[in-house]
Amino acid sequence: MMSTDTLPWHAAYPAPRSTAIGIHPEEVLGWLRSGRQPGRDFLLIDLRRTDFEGGTIRGSINLPAQTLYPAIPTLYSLLSQSHATEVIWYCGSSKGRGVRAASWFADYIEQQQDTRMRSLVLEGGIKGWVAAGKEYTDFMDEYDASAWTA
């Protein structure tokens with residue numbers, strides 16, 4: 001039997017039933033350019049905790065993945081009272097935390113029988129966003145190019 005010290009943080013929560021739906025960074029950039037407002041028209045959630053450096057996509061909130069699962073009902077309640085219809089999750093590469101968070105939230109949306117809201121994972125995560133070039137990094141807060149050169 002494995003000790004709890006060696007289990008990943010997400011092992012304490014149920015495995016997601018849904019499969020995360022991806023959204024291409026180009027689509028999100030188009031929303032930002034067109035004047036759609038993060039926090040009003042859609043929500044961007046940066047799931048990084050210890051690797052939260054180098055900047056974040058403009059308008060994102062930082063909600064570390066390790067604290068997310070118990071907060072899902074509250075987050076959904078707040079969002080369901082807004083007119084935002086998309087929640088976009090990302091982490092470093094959006095292959096672990098991003099996919100898991102988007103799937104957990106999609107599960108919750110489905111349980112609520114909500115057909116209006118969508119839970120999406122940003123393809124490539126923040127690393128992919130930065131690698132896409134200046135037109136993307138121009139839409140970042142606290143962008144620090146030196147954090148991305150390692």
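- For the atom pair Glu142 CD and Arg58 CZ, the distance stands at 11.0 Å (nearest 0.5 Å).
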Which pairs would a plain distance check flag for residues 61-70, meaning a side-chain donor or acceptor within less than 3.5 Å of a matching protein atom at least two apart in sequence or in another chain?
from  : atom 1 : to    : atom 2 : distance (Å)
Asn62 : ND2    : Asp46 : O      : 3.0
Asn62 : ND2    : Arg48 : O      : 2.8
Thr67 : OG1    : Pro64 : O      : 2.9

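- Atom CZ of Phe42 sits about 8.5 Å away from atom CD of Glu86, to the nearest 0.5 Å.
- Under the 3.5 Å distance criterion, with hydrogens and angles disregarded, a donor-acceptor pair is assigned to the side chains of Thr56 and Tyr90.
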Residues 10-27 side chain polar contacts: donor-acceptor under 3.5 Å, at least two apart:
from  : atom 1 : to     : atom 2 : distance (Å)
His10 : NE2    : Arg100 : NH2    : 3.3
Ser18 : OG     : Asp107 : OD1    : 2.4
His24 : ND1    : Glu26  : N      : 3.0

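- In this structure, Arg116 contributes its side chain and Ala84 its backbone to a donor-acceptor pair below 3.5 Å.
- Closest approach of Trp148 and Glu53 over heavy atoms only: CZ2-O, 3.7 Å.
- Judged purely by distance below 3.5 Å, without hydrogens or angles, the side chains of Ser94 and Trp89 never pair a donor atom with an acceptor atom.
- Taken to the nearest 0.5 Å, the CG atom of Leu47 stands 6.0 Å off from the SG atom of Cys91.
- Around the CD atom of Glu110, the shell of radius 6.0 Å holds no more than 12 heavy atoms that belong to other residues, nucleotides or ligands.
- Contact check for Trp129 versus Leu29: side-chain heavy atoms found under the 4.5 Å cut-off.
- Not one N or O on the side chain of Ser77 forms a donor-acceptor pair closer than 3.5 Å with the backbone of Pro73.
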**Request:** Start with the C-alpha distance between Leu75 and Leu43, add both sets of side-chain angles, then the distance that settles side-chain contact (heavy atoms from CB on, under 4.5 Å), and finish with yes or no.
**Result:** CA-CA 11 Å; Leu75 183 62; Leu43 192 62; 4.2 Å; yes
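- Note that the OH atom of Tyr136 and the CG atom of Leu32 stand 10.5 Å from one another [nearest 0.5 Å].
- Going from atom NE2 of His83 over to atom CZ of Arg40 covers 5.0 Å, rounded to the nearest 0.5 Å.
- A heavy-atom distance below 4.5 Å is not found between the side chains of Leu120 and Val87.
- Tested against Ile57 for a side-chain contact (heavy atoms from CB on, under 4.5 Å), the candidates Ile45, Leu122, Ile88, Val130 yield a single pass: Leu122.
- Of all the heavy atoms in Arg118 and Ile109, the pair that sits closest is C-CD1, 4.2 Å.
- Between the side chains of Asp114 and Tyr76, at least one donor N or O sits under 3.5 Å from an acceptor N or O.
- Taking the side chain as every heavy atom from C-beta outward, Phe105 and Met117 approach each other to under 4.5 Å.
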